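Beneath this line is the structure, given in structure tokens, with notes to follow.
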2 protein chains.
Amino acid sequence: MASCNLSSLAHRFHFISKTPFSPSTPRTKTLTLIPRISNVHHSTSPTAIQTHSFTWDDVLQIPQTDENPPSDLGGYFGKVRLCNRGSEMKSQFVPFVVEGQIAGYVHNRFMDHLRKFHDVFMFPQNNTNDGHSDGSITLHPSLRSPENRTAAVGDVIKVLGEELVPGIRNELYPVTSSFGMPIFFSLERAAAPYFGIKAYGVHMNGYVNKGGQKFLWVGKRSNMKPTFPGMLDHLVAGGIPHGISCKENLMKECEEEAGIPRAISSTAVPVGAVSYMDINGYSYKRDVLFCYDLELPDGFTPINKDGEVESFKLIPVAQVAKVIRSTEFFKPNCNLVIIDFLFRHGFLSPEDCGYLQLLQSLKSGDCS
Amino acid sequence: MASCNLSSLAHRFHFISKTPFSPSTPRTKTLTLIPRISNVHHSTSPTAIQTHSFTWDDVLQIPQTDENPPSDLGGYFGKVRLCNRGSEMKSQFVPFVVEGQIAGYVHNRFMDHLRKFHDVFMFPQNNTNDGHSDGSITLHPSLRSPENRTAAVGDVIKVLGEELVPGIRNELYPVTSSFGMPIFFSLERAAAPYFGIKAYGVHMNGYVNKGGQKFLWVGKRSNMKPTFPGMLDHLVAGGIPHGISCKENLMKECEEEAGIPRAISSTAVPVGAVSYMDINGYSYKRDVLFCYDLELPDGFTPINKDGEVESFKLIPVAQVAKVIRSTEFFKPNCNLVIIDFLFRHGFLSPEDCGYLQLLQSLKSGDCS
């Protein structure tokens, strides 16, 4: 077996060791459609990403080039980096501690905007005076119940408004130290990254096996979506709001996003998880995505019901892999879940240079 | 969704944070057959483990008890701990550095046995005098080629003999910094843990799908095997010696261990990897196991050809899971690969308390 190219693998190790993110140079003018997002020190909304204008024909016609063989994992590493930016900025955040446990992280300049809410939050200098541990932001001790905390922090988010917390959805996410642990309170979904709380989601690869060849159902997001308009997406995916199990949430999303009846969606198989840690301005995303596989019958065609998907297409997995390696067509976090699918279904081989490092990198965030 | 039991999960976190290993208390007198192995400061051969006397009937009759429901992952965590002992002893080892990279770790008292071979090794005090970095053992600079190093270290192993390096097999393992990287030299397989080099293996779950219910082919090791005699094992598994690819090695082992013809074994699917780090006396195992799945036809029956397997049995996966949770019947590292199978095939659910922590723990070693 030939050895890996040393300089190429060194570059990948560079990533693994959490060194500064450096956006990769676009491969081609026509295929790389996401503008470079700079790590500016103020909030950057996903809506800042422009609408993309590629078509299904562009997706289906990505060629296999000599520069881009299936065994070259470089394109996959680039997508993992895309979800794990800004680790060098971690020191600009202070822990957000609830009930003695780290629930999240808040940027020190975002914290300045919270200082006027001194009946809701306690700040590092207060903490020191009160004998708390230095250097963390906590909730005011008068806020003892989850309900009180949810209401008080929710009011703060409303006052901060769209300028500081863009994309408010009126959807609550549980705040906890780890999945399944007691819930400290609930927080507006759009505010989750500004408090650096862990957010959990379900992502489902819907696939069809036609005579031994596997195809993935891929969605193209509506151009009207506020986040990642027009980009490629999983057949079904969604955040896990407060009070619903992963499986129940997945079945609900299956119905709404792809018209998959419960008789079919109930056969979806949980197959693991991926995680990432992405710092961009004041936003500190700590996401964990539970991965599901659903094998669909050959004749089934998904139908979107909530208007969030423009259309679906059934694409050979090998072609989806090419799209991931060569373009930035997919909503960034979908790349990780599909790379995980490629691992589990044998589309990557231990002989591919960087196989183990790529496998590890799919859980670059705090996977708990 | 109910919250996890706090104290139970805290115990698991305890494990994840690499705190001292504490062997679990045997569940029942009849089922726990492995004697407690103390972390004595001299080499402990796997042959020290006594032959086990359980039968297939014992395996098939493990009951489902209230103490042991499928959603209680405690039994799985115990098996991960069994493969990841002694992290608190790491400070007793010094890095083994080749060509400026860490190739392994050597116990400081095992190193004392190497001191007389001063034409083969350079020791911390020599290194300091020579301006090398302090605190590592290296090869003598006169040993420049892989062939010279292999011969010189091989001669040392022969002189040390069975007392210090038990179980010599005359099988060479490649010494490298990471899988696929240039090979520094080759080392007797039995010596690998005494130099703390990373060892790579292939483990294959052979399964049968009968009308939607999955069964695993399980082997019972011959009582004559020097290591883990009489214990349960994968259908096929083996270390990867120097000069052979994972897939080629797997197909060879499929033929020898289970009589699986290439027409079938070539359809085995690479599905990822697990890793562990186990310190026991002078031995520092840093193993990475590439995992494969092979779906076998319903009518196929494996036949062992090399005398290393007493017999095979096709067992429902749910029963195998019970055996893993409740007993120590399996050769320890097989547990990890089967738990990985349980994750990928949906036998574990995100709602199980500790799901994400268990998933992470399957790569507790340096997976590179």
Side-chain angles (χ1 to χ4, degrees), chain A residues 1-6 9-10 12-13 16 174 176-183 198 200 202 212 240 242-248 250 267-275 288 290-293 340 343-357 359-360 362-363 366-368, chain B residues 1-6 9-10 12-13 16 174 176-183 198 200 202 212 240 242-248 250 267-275 288 290-293 340 343-357 359-360 362-363 366-368:
Chain A
M1 188 180 56
S3 292
C4 283
N5 177 301
L6 265 172
L9 197 55
R12 285 151 199 190
F13 280 133
I16 299 299
T176 175
S177 61
S178 295
F179 191 75
M181 297 299 276
I183 292 165
K198 275 196 278 189
Y200 300 89
V202 286
I240 306 173
H242 191 164
I244 183 167
S245 76
C246 291
K247 188 63 180 274
E248 188 54 43
L250 184 74
T267 67
V269 176
V271 290
V274 300
S275 65
V288 178
F290 293 103
C291 306
Y292 285 79
D293 279 0
D340 179 74
F343 269 108
R344 290 182 294 98
H345 289 261
F347 287 89
L348 301 172
S349 151
E351 274 71 37
D352 298 337
C353 185
Y355 180 86
L356 291 171
Q357 288 79 10
L359 183 65
Q360 280 276 61
L362 297 180
K363 294 183 184 64
D366 175 357
C367 197
S368 72
Chain B
M1 189 178 56
S3 292
C4 283
N5 176 301
L6 266 172
L9 197 56
R12 286 151 199 191
F13 281 133
I16 299 298
T176 175
S177 61
S178 295
F179 190 75
M181 297 299 277
I183 292 165
K198 275 195 279 191
Y200 300 90
V202 285
I240 306 174
H242 190 164
I244 183 167
S245 76
C246 290
K247 188 63 180 276
E248 188 55 41
L250 184 74
T267 67
V269 176
V271 290
V274 300
S275 65
V288 178
F290 293 103
C291 306
Y292 286 78
D293 278 1
D340 179 73
F343 269 108
R344 290 182 293 98
H345 290 260
F347 288 88
L348 302 172
S349 151
E351 273 71 39
D352 298 338
C353 185
Y355 180 87
L356 291 170
Q357 288 78 12
L359 183 65
Q360 279 277 59
L362 297 180
K363 295 184 182 66
D366 175 358
C367 197
S368 71

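Order of the sequence lines sets the chain letters (A, B, ...), proteins ahead of strands, with each chain counted from 1. Keep in mind that this is a model prediction, so the values were computed, not measured.
- Taking each heavy atom of A:P270 and B:S349 in turn, the nearest pair found is CG-CA, 4.4 Å.
- For a residue to count as touching a neighbouring chain, one of its non-hydrogen atoms must lie under 4.5 Å from one of that chain's; by this rule A:V288 touches chain B with the side chain only.
- The two residues B:P350 and A:F179 come nearest to each other via the heavy atoms O-CE2, 3.4 Å.
- Separating the NZ atom in B:K247 from the CD atom in A:E351 is a distance of 9.0 Å, to the nearest 0.5 Å.
- Between B:K363 and A:L359, the shortest heavy-atom distance links the atoms CE-CD2, 3.5 Å.
- Interatomic distance, NZ of A:K198 versus CG of B:L356, reported as 8.0 Å (0.5 Å rounding).
- Residues meeting the salt bridge (Lys or Arg N to Asp or Glu O under 4.0 Å) test with A:D293, sequence neighbours left out: A:R344.
- Scored by the ring-ring contact (aromatic ring centres under 6.0 Å, His included) test, A:F343 finds A:Y355 as partners (sequence neighbours excluded).
- Judged by distance alone, with hydrogens and angles left aside, the side-chain atoms of A:Q357 form no donor-acceptor pair with the main-chain N or O of B:S368 at under 3.5 Å.
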